[in-house]
There are 2 protein chains.
Amino acid sequence: MDDFDLGALIKDHRKKAGLTQLELADLAGVGKTTVFDIEKKKKTVRLNNLFAVLRVLNIKVEFKSPLNK
Amino acid sequence: MDDFDLGALIKDHRKKAGLTQLELADLAGVGKTTVFDIEKKKKTVRLNNLFAVLRVLNIKVEFKSPLNK
DNA sequence: ACTTTTTTACTGTTATAACAGTAAAATAAT
DNA sequence: ATTATTTTACTGTTATAACAGTAAAAAAGT
């Protein structure tokens, strides 16, 4: 669940969108270091910053449990 | 995507697991304030802390995009 | 090969998340 | 209704994420 390489997913989508780290950072309203950290799988980033990046790249988040499945 | 009430989901699962905020916090290895903040939809929590809580509650995270769908 | 762009990596500073402690509401239990 | 438990809310302190700046390494373009 947690070992999933979210950084690679984001990098891949960023590339396909033709964006540099800096451009993505600007669009998401975060610093370039934050985008770099996220792609490098840093786990201590703030949720709102990650979500801001995901929003730009049109990546949606879903939460699944044995209950609400 | 972002307006989803994750706090309510977590609170619901915690209740169904018969855990108090403090117990969940201890199990997840975070402070009680963090669990409180997460349930109150605070968006600036750290990713690793949120994931630690989700792990205890058996809630999985999925990332979906128009590409990898 | 050279130039330009991008990424990686490190810095010092600033803002703030995380935390334990406390106490007052709110809720549940007897 | 009392008591006990849990949740909410507020503190001050500490740890660290975020940030811009810089520069070197890597990649892409000419």
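Just so it is clear: chains get the letters A, B, ... in the order the sequence lines come, proteins before strands, and each one is counted from 1. As the structure is a computational prediction, the values presented were derived from the model and not from experiment.
Spacing between atom CG of A:L47 and atom C1' of C:dT16 amounts to 15 Å, rounded to whole angstrom units. In this structure, CZ of A:F51 is placed 17 Å from C1' of D:dA17, rounded to the nearest angstrom. Note: CG (B:L19) to C1' (D:dT7) measures 15 Å, nearest angstrom. In this structure, the CZ atom of B:R46 is 5 Å from the P atom of D:dA17, given to the nearest Å. In this entry the distance linking NZ of B:K11 with P of D:dT6 reads 14 Å, nearest Å. Atom CD of A:E23 and atom P of C:dT6 are 6 Å apart (whole Å). When the P atom of C:dT6 is taken as reference, atom CG of A:D26 falls 12 Å away, rounded to whole Å. Atom CD in B:Q21 sits roughly 6 Å away from atom C1' in D:dT7 (whole-Å rounding).
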| request: Could you walk me through whether A:E62 and B:V61 pass the side-chain contact (heavy atoms from CB on, under 4.5 Å) test, one step at a time? | output: CA-CA 6 Å; A:E62 273 184 27; B:V61 185; over 6 Å; no
| query | Given B:L27 and B:V53, is the side-chain contact (heavy atoms from CB on, under 4.5 Å) satisfied, shown in steps? | reply | CA-CA 8 Å; B:L27 286 171; B:V53 167; over 6 Å; no
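The pair B:E39-B:R14 counts as a salt bridge, with a side-chain nitrogen and a carboxylate oxygen less than 4.0 angstrom apart.
Taken over five-pair windows at either terminus, the axes of the helix from C:dA1-D:dT30 to C:dT30-D:dA1 are inclined to one another by 70° (rounded to 10 degrees).
Contact detail for A:H13 and B:S65: the closest heavy-atom pair is NE2-OG, 2.7 Å. A:L50 approaches B:L47 most closely through the heavy-atom pair CD2-CD1, 3.6 Å. Counting all heavy atoms, side chain and backbone alike, B:P66 lies closest to A:N58 at CD-O, 3.4 Å. Of all non-hydrogen atoms in B:E23 and B:G18, the two that sit nearest each other are OE1-O, 3.8 Å. In this structure, A:A52 and A:A28 approach most closely via the heavy-atom pair CB-O, 3.5 Å.
To the nearest 0.5 Å, atom CD1 of residue A:I38 and atom CD of residue A:Q21 are 10.5 Å apart. Rounding to the nearest 0.5 angstrom, the gap separating the OG1 atom in A:T44 from the CG atom in B:N49 is 9.0 Å.
Note on B:R14: a side-chain N or O is less than 4.0 Å away from OP1 or OP2 of D:dT7. An OP1 or OP2 oxygen of C:dT8 is reached within less than 4.0 angstrom by no side-chain nitrogen or oxygen of A:K42. Look at B:N49 and you won't find any side-chain N or O under 4.0 angstrom from OP1 or OP2 of C:dA17.
Looking at heavy atoms from C-beta onward, B:L6 lies in side-chain contact with B:L9 at the 4.5 angstrom threshold.
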| task | Treat primed atoms plus P, OP1 and OP2 as sugar-phosphate and everything else as base, then score nucleotides 22-30 of chain D 5' to 3': B for base contact with protein heavy atoms under 4.0 Å, S for sugar-phosphate contact only, - for none. | result | B--------
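If you check residues 33-41 of chain B against DNA chain C, the residues with a heavy atom closer than 4.0 Å are B:T33, B:T34, listed by number.
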